[in-house]
Amino acid sequence: MLALPAAGRDPFAAPQAVCRQPAASLANWRLLGIIGRDNDYVGWLRSTEGETLRVAHGRPLPFAEWQLEELAPFRLTLRAPAGCLPPFATLQIKGKYDEDRDSAAVAAERRRAGTG
């Protein structure tokens, strides 16, 4: 009998989670603000299209597969579905300098895409 190299997955290894593409990219969202205290915070996100969203523990997210991991002063962390990379996405509150820089980057991206 001829021995051939084993191909395929290891039958004794745990099955790997298949990563589905998250419903929405977080690249177009910006953390506007967070209020609250201790572990009871509420945050607001805004997309480049101007859509505003309230975020809090126990509230559904528009990013169907993402889960709210942490909502803390100045920072929002979301957990990606199992097996997806990167496993976490963090949005932080930005100041006026960052806002101007981001606006220029969005304008440049729209010019490249032919939509602005």
Side-chain angles (χ1 to χ4, degrees):
M1 183 174 253
L2 181 61
L4 296 173
R9 74 172 194 85
D10 179 355
F12 301 105
Q16 296 292 318
V18 176
C19 177
R20 295 187 338 220
Q21 187 68 16
S25 169
L26 302 176
N28 294 331
W29 291 86
R30 185 170 155 250
L31 184 59
L32 292 177
I34 296 177
I35 61 169
R37 61 185 127 132
D38 300 328
N39 289 325
D40 188 23
Y41 292 102
V42 176
W44 285 267
L45 298 172
R46 177 171 287 155
S47 72
T48 53
E49 291 81 29
E51 181 181 356
T52 301
L53 173 74
R54 184 176 171 188
V55 179
H57 283 285
R59 291 182 61 103
L61 293 171
F63 322 112
E65 288 118 357
W66 291 92
Q67 299 291 319
L68 182 59
E69 180 72 16
E70 179 184 31
L71 187 56
F74 307 104
R75 182 179 65 249
L76 166 74
T77 303
L78 299 170
R79 182 174 9 107
C84 293
L85 293 176
F88 296 97
T90 300
L91 300 172
Q92 295 187 9
I93 295 177
K94 296 180 178 184
K96 178 70 175 143
Y97 170 77
D98 296 313
E99 189 174 301
D100 292 342
R101 190 180 63 205
D102 288 350
S103 296
V106 168
E109 181 63 31
R110 287 183 178 162
R111 280 193 301 274
R112 279 194 296 272
T115 60

Working for side chain to side chain contact (heavy atoms under 4.5 Å, CB included), residues Leu45 and Leu32: CA-CA 6 Å; Leu45 298 172; Leu32 292 177; over 6 Å; no
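The shortest heavy-atom contact between Tyr41 and Pro73 is OH-CG, 3.3 Å. When all heavy atoms are compared, the tightest approach of Val42 to Ala56 is CG2-CB, 4.2 Å. Minimum interatomic distance between Thr77 and Phe88 (heavy atoms only, all atoms of both residues): CG2-CD2, 4.0 Å.
Between Arg46 and Glu51, every side-chain heavy-atom pair lies at or beyond the 4.5 Å cut-off.
Within a 6.0 Å sphere centred on CZ of Phe74, other residues, nucleotides and ligands contribute 12 heavy atoms or fewer.
Here CH2 of Trp66 is found 6.5 Å from CG of Leu78. Values are rounded to the nearest 0.5 Å. Between atom CD of residue Gln67 and atom NE2 of residue His57 there is a gap of 11.0 Å, rounded to the nearest 0.5 Å. Summarising the geometry, atom OG1 belonging to Thr90 is positioned 9.5 Å from atom CD belonging to Glu69; distances are rounded to the nearest 0.5 Å. Interatomic distance, Thr48 OG1 to Arg30 CZ, rounded to the nearest 0.5 Å: 11.5 Å.
Just one of Ile35, Leu31, Ile34 meets the side-chain contact (heavy atoms from CB on, under 4.5 Å) condition when paired with Trp44; it is Ile35.
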